[in-house]
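Because the structure is predicted, anything quoted here is derived from the model rather than measured.
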Amino acid sequence: TDQAGEAVALRQQAVRELQGATGPVRLRLADALEGLVEQPPAGQTGAESLAMLQQAAQIRLDESGPQDYLLPYTRERLAQRLDAAGYPDAALAQLEANTQAGRVMMERMPARAGEWVEALSLVLPLTQQAWFLHDHGNPAAALALAEQASGLLNAAARKEVGWLLQGSLRVQLWAHIDLGDADAVRRVLTELIAVRPVVGGGGTRLSREDALDQLAAAQLLRDSVLQQAAVTALAPRSAVGQCRPDDLCQARPRDERRMDWQERARAGQRAAARAAGLCGVAASQAPRA
């Protein structure tokens, strides 16, 4: 159905009818529970949504085992809710479970020369766990996981899925910025600049995120050339970003359903923009209502 209210009612009916079920049909119960979390009925509390996700994750694990292709996404959503509810250790445990499942999957796959697809099962959870650790004030641990992630990507993978390499390198960049390691910041920034054409389809123009990362790194390095390139890209009327003042200088509302654990990095981006004078410039040049 494309009617939201009817969809909610059907999922609620499925949950009622399948609670006592046994066997693989319980995976339909997991689907219904997760649907009610994403599209909750009126009056459903955060605690109830959290309990539904916990039940769905357990069902998937019981019925399909660690190789259930939907289980990592269920754990990710559960981790988001747990962290937002004030249970960071429990949230980290869910992300660690995804990482461990990725390690097991890689170990079971036969090694083939030149192949890299099997690495994806571990690169993604490693990078996500690294972002979590960075966001929770542990840059050294985040750095170790992010370096593992990028180390799994061979030359072929770096060409085919450059965005995965970019993700792990961004964690490394911000971890090194937090740790104040200027030499490492320059090395990782050089790698990020090199991967931009792969991610951008051959272009070298900075995206808004690229420019903000580069701006923060350039300020630590006191590199006026890199900083000016980033400032030019972030100008309010530039073709690159056309950034509004709130994009650069104001924190986004926190959404516990879409947490990516990059708030610490975004705070660093906003600080870099303020230090470069971009907030005032953007505000003065923004179109008036």
Can [Y] be reached from [X] by stepping across I, L, V, M, F, W or Y side chains whose heavy atoms are under 4.5 Å apart?
X	Y	answer
L179	L221	no
V25	M52	yes
L122	W163	yes
L164	L143	no

Do the side-chain N and O atoms of [X] and [Y] include a donor-acceptor pair separated by under 3.5 angstrom?
X	Y	answer
Q55	Q19	yes
E17	Q13	yes
Q128	N98	no
S224	Q228	no
Q227	R222	no
H176	D183	no
Q250	R270	no

Rounded distance [0.5 Å steps], [atom1] in [X] versus [atom2] in [Y]:
X	Y	atom1	atom2	value
Q58	L53	CD	CG	13.0 Å
L189	L226	CG	CG	6.0 Å
L33	R60	CG	CZ	9.5 Å
L71	I59	CG	CD1	11.5 Å
R264	I177	CZ	CD1	11.5 Å
L173	R187	CG	CZ	10.5 Å

Tell me whether [X] contacts the main-chain N or O of [Y] through its side chain, where contact means a donor paired with an acceptor under 3.5 Å.
X	Y	answer
D178	P139	no
Q219	A272	yes
D83	A91	no
Q54	L78	no
S168	L165	yes

For the residue pair [X] and [Y], what are the closest heavy atoms and their distance?
X	Y	answer
A79	Q94	CB-CB, 4.0 Å
P125	T99	O-OG1, 3.5 Å
E76	W261	O-CH2, 4.3 Å
L18	L29	O-CD2, 3.6 Å
V8	L36	O-CD2, 3.8 Å
A149	V123	O-CG2, 3.7 Å

Anything under 30° is parallel, anything over 60° is perpendicular, the rest tilted; go ahead and classify F132 against H136.
parallel
Decide yes or no on salt bridge (Lys or Arg N to Asp or Glu O under 4.0 Å) for D31 and R11, but give the supporting numbers first.
CA-CA 9 Å; D31 291 340; R11 289 184 178 118; over 6 Å; no
Evaluate M106 against L152 for side chain to side chain contact (heavy atoms under 4.5 Å, CB included), listing each step before the verdict.
CA-CA 11 Å; M106 278 200 66; L152 291 167; 4.2 Å; yes
Walk me through it: do R158 and N154 pass the test side chain to side chain contact (heavy atoms under 4.5 Å, CB included)?
CA-CA 6 Å; R158 289 171 182 238; N154 61 22; over 6 Å; no
Kindly indicate, with the supporting measurements, whether the criterion side chain to side chain contact (heavy atoms under 4.5 Å, CB included) is fulfilled by D210 and Q166.
CA-CA 10 Å; D210 292 336; Q166 184 184 50; 3.4 Å; yes
Are any non-hydrogen side-chain atoms of [X] and [Y] less than 4.5 angstrom apart?
X	Y	value
S64	L27	yes
M259	R81	no
L234	L206	no

Go through the steps for D135 and Q262 under the test side chain to side chain contact (heavy atoms under 4.5 Å, CB included), then give the verdict.
CA-CA 6 Å; D135 217 33; Q262 296 183 32; 5.7 Å; no
Go through the steps to decide whether R196 and Q214 satisfy the test side-chain hydrogen bond (donor to acceptor under 3.5 Å, both in side chains), and finish with yes or no.
CA-CA 12 Å; R196 281 175 192 161; Q214 180 169 312; 2.7 Å; yes
May I ask you to say whether D260 pairs ionically with R266, meaning some side-chain N is under 4.0 Å from a carboxylate O?
yes
Electrostatic pair E107:R103 at N-O distance under 4.0 angstrom:
no
